[in-house]
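The next block holds one structure in the form of C-alpha cells; read it before the comments.
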Amino acid sequence: MSETSENRVREQATAPGPADDRSGLRADCANCFGLCCVALAFSRSTDFAIDKAVGDPCPNLQQDFRCGIHDKLRPKGFQGCTVYDCFGAGQKISQVTFVGRNWRETPDGSRQMFAALPVMRQLHELLWYLAEAKARPAARPVHRQVAAAYEKIEHLTLSDVDTLLALDVAAHRAEVNTLLLRTSELVRAEVRGKKKDRRGADLFGARLKGADLRGADLRGAYLIAADLSGADLRLADVIGADFRDTNLSGADLTDCLFLTQTQVNAAKGDAATVLPTGLERPSHWSASASPAPSGRKDAPSAPKGGSSRKPGASRRRGSGPAGSRRK
C-alpha cells in the first residue's frame with residue numbers, strides 16, 4: 001500500500017463519531033469547595049507527606065478552598081495529589097447536589113457531602129468511559145445501548161444526597177462494563193492479526209521498551225514501574241491498568257481505549273509521548289524527548305481502523321469498572 005493510500009485509510013478509520021464532549025467530566029477546582037482536600041484520607045508515604053483522616057481539612061487548604069502549595073505539590077511530598085482526578089465530581093457535589101452550600105457553612109451536612117464524593121466520582125468515571133464509547137465509530141452496533149446507559153447514569157448524578165448514598169454503585173459499574181467490553185472488542189478488532197492478551201497481568205517492572213501492543217488487552221494490568229518507552233499502544237484497552245511510575249517516554253497512545261487523566265498523571269513521560277485528544281500532558285513530565293528505541297517492529301499489517309495520526313492510579317483506587325482489575 002502506498003503512503004498516500006495508507007494515510008487515506010487512516011483518516012477514514014479515525015473519522016470522528018458522535019461528539020465526544022467530556023468537558024463536564026474534568027475537574028473544575030474553581031467551582032469546588034476543596035472536597036478532595038477534606039473528604040479523602042491519606043497516609044504518610046511516598047505519595048503524601050502527612051497523615052490525614054476523612055473530614056480533616058488538609059493543612060495546605062486555604063480559606064478560599066484553593067491549595068496553598070499547588071505549584072509545589074511534588075517537591076513538598078504530595079505527589080498523590082497530582083495524580084488524583086475527580087472526573088468533575090467535586091464541582092457536581094458542590095454546585096448541584098448541595099446547590100452552592102459549602103461544608104464550612106453547613107457543618108451538619110458536611111459528613112454527607114464528604115461521603116457523596118467517592119460515589120459521584122465513580123458515576124462520573126463511568127460517564128467518562130461511556131462518552132468515549134459513544135464517540136468510537138467502530139462501536140456503532142452498541143451506540144444506542146451506550147447512549148441509554150449514559151443517560152441513566154447522568155440522571156443518577158442529579159439525585160439528592162440521600163439517593164446517592166443509597167446507590168448500589170457496584171451493580172451500575174457491572175452493567176456499564178458489559179457495554180465497555182463489547183466496545184473494546186469492536187474497536188480492537190480493527191487491528192488485524194492476533195492481539196496480545198495481558199488482561200490483569202502482573203507486569204510490574206516489565207521491560208517492554210518499543211513493544212508492539214497495538215490493540216492489546218491490558219485491562220487491569222499491573223504496569224507499575226514498567227518500561228513502555230517507545231511502545232505502540234494505539235487502540236490498546238487500558239481500562240483500570242495501573243500506570244504508577246510507568247515509563248511512557250516516546251510511547252504512542254493515540255486512540256488508546258479508556259485512558260484517563262489519573263493514569264497519565266501517575267506515569268512518566270516526555271515531549272515525544274503521544275496522548276489521545278482531551279488528555280493533558282502532566283507538568284512533571286520531561287520537556288525533552290528521549291532517544292527513540294531502535295528495532296521496534298510494527299504489526300505485520302496496518303490496523304484497519306487503528307489511528308497513527310498524532311494529535312496534539314495512584315493509591316486512591318477507582319480506575320476501571322468491574323471486569324477490569326477491580327472485578
Side-chain angles (χ1 to χ4, degrees), residues 25-98 100-125 128 157 161 164-165 167 169-170 222 224-225 240 242-246 260-268 280 282-284 313-320 325-326:
L25 302 175
R26 294 181 172 86
D28 179 6
C29 297
N31 284 301
C32 177
F33 300 132
L35 293 185
C36 64
C37 304
V38 188
L40 305 178
F42 47 75
S43 302
R44 186 189 297 269
S45 63
T46 55
D47 284 340
F48 298 101
I50 60 174
D51 293 322
K52 191 193 81 64
V54 171
D56 290 346
C58 174
N60 299 308
L61 185 65
Q62 302 179 120
Q63 285 299 310
D64 63 357
F65 303 110
R66 295 177 182 274
C67 176
I69 60 168
H70 185 266
D71 296 331
K72 304 174 183 177
L73 284 167
R74 283 182 170 259
K76 290 288 187 179
F78 289 87
Q79 175 177 314
C81 296
T82 68
V83 173
Y84 181 76
D85 179 34
C86 73
F87 293 97
Q91 66 258 29
K92 178 69 75 65
I93 293 289
S94 299
Q95 303 300 332
V96 179
T97 312
F98 283 84
R101 300 190 308 273
N102 68 63
W103 47 271
R104 289 193 180 117
E105 295 172 339
T106 56
D108 292 341
S110 62
R111 183 173 299 181
Q112 282 187 311
M113 184 180 290
F114 301 154
L117 178 63
V119 175
M120 186 69 79
R121 184 188 184 277
Q122 291 189 70
L123 295 177
H124 272 224
E125 182 184 12
W128 177 274
T157 69
V161 68
L164 283 173
L165 296 179
L167 287 177
V169 180
Y222 290 88
I224 304 169
D242 195 332
F243 279 94
R244 278 180 290 165
D245 294 325
T246 305
T260 68
Q261 192 66 52
T262 295
Q263 291 169 302
V264 171
N265 292 348
K268 298 176 180 178
E280 298 179 359
S283 60
H284 66 271
S314 76
R315 286 178 172 79
R316 288 169 174 166
R317 297 296 185 200
S319 292
R325 175 161 45 81
R326 302 186 61 219

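Quick caveat, the model's predicted, so the values are computed rather than measured.
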Donor-acceptor pair, [X] side chain versus [Y] backbone, under 3.5 Å?
{"X": "Ser94", "Y": "Gln91", "result": "no"}
{"X": "Asp51", "Y": "Arg44", "result": "yes"}
{"X": "His284", "Y": "Lys268", "result": "no"}
{"X": "Trp103", "Y": "Phe33", "result": "yes"}
{"X": "Lys52", "Y": "Val38", "result": "yes"}
{"X": "Asn265", "Y": "Thr82", "result": "yes"}

Looking only at heavy atoms, what is the nearest atom pair of [X] and [Y], with distance?
{"X": "Met120", "Y": "Thr157", "value": "CE-O, 3.2 Å"}
{"X": "Ala267", "Y": "Thr246", "value": "CB-O, 3.5 Å"}
{"X": "Pro118", "Y": "Ala115", "value": "CD-O, 3.3 Å"}
{"X": "Pro57", "Y": "Gly55", "value": "CD-O, 3.5 Å"}
{"X": "Arg66", "Y": "Ala30", "value": "NH2-CB, 4.4 Å"}
{"X": "Cys32", "Y": "Phe65", "value": "O-CB, 4.1 Å"}

In Å, rounded to the nearest 0.5 Å, how long is the span from [atom1] of [X] to [atom2] of [Y]?
{"X": "Leu73", "Y": "Asp47", "atom1": "CG", "atom2": "CG", "answer": "12.0 Å"}
{"X": "Gln263", "Y": "Asp242", "atom1": "CD", "atom2": "CG", "answer": "8.5 Å"}
{"X": "Cys37", "Y": "Asp56", "atom1": "SG", "atom2": "CG", "answer": "13.0 Å"}
{"X": "Arg244", "Y": "Ile224", "atom1": "CZ", "atom2": "CD1", "answer": "4.0 Å"}
{"X": "Asn102", "Y": "Ile93", "atom1": "CG", "atom2": "CD1", "answer": "14.0 Å"}
{"X": "Phe87", "Y": "Gln122", "atom1": "CZ", "atom2": "CD", "answer": "10.5 Å"}

Next item on the list: Give the ring-plane orientation class for Phe42 versus Phe48, where under 30° counts as parallel, over 60° as perpendicular and anything between as tilted.
Entry: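 Phe42 and Phe48: parallel rings.
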Check whether any side-chain heavy atom of [X] lies under 4.5 Å from a side-chain heavy atom of [Y], and answer yes or no.
{"X": "Asp85", "Y": "Thr260", "value": "no"}
{"X": "Thr46", "Y": "Gln79", "value": "no"}
{"X": "Tyr84", "Y": "Arg121", "value": "yes"}
{"X": "Gln112", "Y": "Phe98", "value": "yes"}

Notebook entry, point to check: Can you tell me if CZ on Arg104 sees more than 12 non-hydrogen neighbours from other groups inside 6.0 Å?
Noted result: yes
Next item on the list: Decide if atom NE2 of His70 counts as having more than 12 heavy atoms of other residues, nucleotides or ligands within a radius under 6.0 Å.
Entry: no
Checklist line | With sequence neighbours excluded, residues passing side-chain contact (heavy atoms from CB on, under 4.5 Å) with Glu280 | finding: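 For Glu280, the residues satisfying side-chain contact (heavy atoms from CB on, under 4.5 Å) (neighbours in sequence not counted) are Gln261.
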Checklist line | By salt bridge (Lys or Arg N to Asp or Glu O under 4.0 Å) - contacts of Asp108 (at least two apart) | finding: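 None.
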